[in-house]
Amino acid sequence: SIPADNPFPAAMGNNRAIWALGLRNPFTFAFQSGTSRMFINDVGQNTWEEVNLGVPGANYGWPASEGADNITAGVTAPLFTYKHSAASPAGSGPGGFFTGFSIAGGAFYPSTGNFPAAYRGSYFFADYVSKFIARVDLANSNAASAFASVAGSPVDLLAGNDGALYVLTRNAITQISAP
């Protein structure tokens, strides 16, 4: 059933079930343990990949905006975005040195675990095509850094009870015990 607090209760028919607008292909999402914070990984069309903060009733702008392009009043900008092509000069603009084509799996690392304290509470995400794992440091203005690469195409991530970060690829599971 559709929850009574859904953001579009006056919409007709199945449109009453809409929770947010303007996402192109929200391939995966993750909740931060102990909070209601949700990050949505939205696969871009021509130019950008996005990590969005999930907010009821938000409009993320697609198809009129993608990534950092055409953010206008009423559009919720992404927390982090990276391009399909390298920036010129290298490392400039949104996304810095990241290039990729299909943002996939994401996971929040818990506030406890085997990773050093600087990594705890961070958000990790993967790119299916470029086969990298990256980290968004939520305590440092959402600064992003490369974290790991994997042999297969990653589709999801999970922070395990043992403190390891698990990467599910199309054909294997990779365990990352510590950075």
[atom1] of [X] to [atom2] of [Y]: how many Å apart, nearest 0.5 Å?
X: Ile40; Y: Leu23; atom1: CD1; atom2: CG; answer: 5.0 Å
X: Leu138; Y: Leu79; atom1: CG; atom2: CG; answer: 8.0 Å
X: Asn25; Y: Thr28; atom1: CG; atom2: OG1; answer: 9.5 Å
X: Ser153; Y: Asp127; atom1: OG; atom2: CG; answer: 9.0 Å
X: Thr76; Y: Leu21; atom1: OG1; atom2: CG; answer: 9.5 Å
X: Glu66; Y: Thr81; atom1: CD; atom2: OG1; answer: 7.5 Å

Heavy-atom side-chain proximity of [X] to [Y] below 4.5 angstrom:
X: Asp42; Y: Tyr60; result: no
X: His84; Y: Glu49; result: yes
X: Asp137; Y: Arg135; result: yes
X: Val167; Y: Thr169; result: yes

If you compare all heavy atoms of [X] against all heavy atoms of [Y], which two are closest, and at what distance to 0.1 Å?
X: Ala107; Y: Ala159; result: CB-N, 4.2 Å
X: Ala87; Y: Gly96; result: CB-O, 4.4 Å
X: Asp156; Y: Gly106; result: OD1-N, 3.9 Å
X: Ile71; Y: Pro78; result: CD1-CD, 4.2 Å
X: Gly54; Y: Trp19; result: C-CH2, 3.6 Å
X: Pro179; Y: Phe147; result: CB-CE1, 3.7 Å

Ignoring hydrogens and geometry beyond distance, is a side-chain donor-acceptor pair present between [X] and [Y] at under 3.5 Å?
X: Gln175; Y: Tyr166; answer: yes
X: Asn142; Y: Tyr123; answer: no
X: Arg170; Y: Tyr128; answer: yes

Hey, quick one: are [X] and [Y] part of the same hydrophobic cluster, counting side-chain heavy atoms closer than 4.5 Å, chains of contacts allowed?
X: Leu158; Y: Ile103; answer: no
X: Val155; Y: Val150; answer: no
X: Phe80; Y: Val55; answer: yes
X: Val51; Y: Val43; answer: yes

Does Phe132 form a ring-ring contact (aromatic ring centres under 6.0 Å, His included) with Tyr82? I'd like the steps, not just the answer. CA-CA 13 Å; Phe132 67 74; Tyr82 61 97; 5.7 Å; yes
Considering only distance and modelled atom types, tabulate donor-acceptor pairs under 3.5 Å from the side chains of residues 30-39, sequence neighbours left out.
residue : atom : partner : partner atom : Å
Thr35   : OG1  : Gln32   : O            : 3.0
Thr35   : OG1  : Arg37   : N            : 3.0

Gly44 backbone acceptor or donor facing Arg24 side chain under 3.5 Å: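 Here the side-chain-to-backbone pair exists.
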Without swapping roles, check the side chain of Arg120 against the backbone of Phe115 for a donor-acceptor pair under 3.5 Å.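 Yes; at least one donor-acceptor contact below 3.5 Å.
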Side chain to side chain contact (heavy atoms under 4.5 Å, CB included) assessment of Leu157 paired with Ile133: CA-CA 9 Å; Leu157 302 172; Ile133 312 302; 4.0 Å; yes
For [X], does the [atom1] atom have more than 12 heavy-atom neighbours from other residues, nucleotides or ligands under 6.0 Å away?
X: Phe29; atom1: CZ; value: no
X: Phe98; atom1: CZ; value: yes
X: Asn14; atom1: CG; value: no
X: Ile173; atom1: CD1; value: no

Run Tyr119 and Asn114 through side chain to side chain donor-acceptor pair (under 3.5 Å) and show every step you take. CA-CA 10 Å; Tyr119 291 85; Asn114 301 339; over 6 Å; no
Check whether the ring centres of Phe27 and Phe125 lie less than 6.0 Å apart, and answer yes or no.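 Between Phe125 and Phe27, which both carry aromatic rings, the centre distance is not below 6.0 Å.
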Has Arg16 got its NZ or CZ under 6.0 Å from the middle of the six-membered ring of Phe8, at an angle within 45 degrees of the ring axis?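 Judged by the rule, Arg16 and Phe8 form no cation-pi pair.
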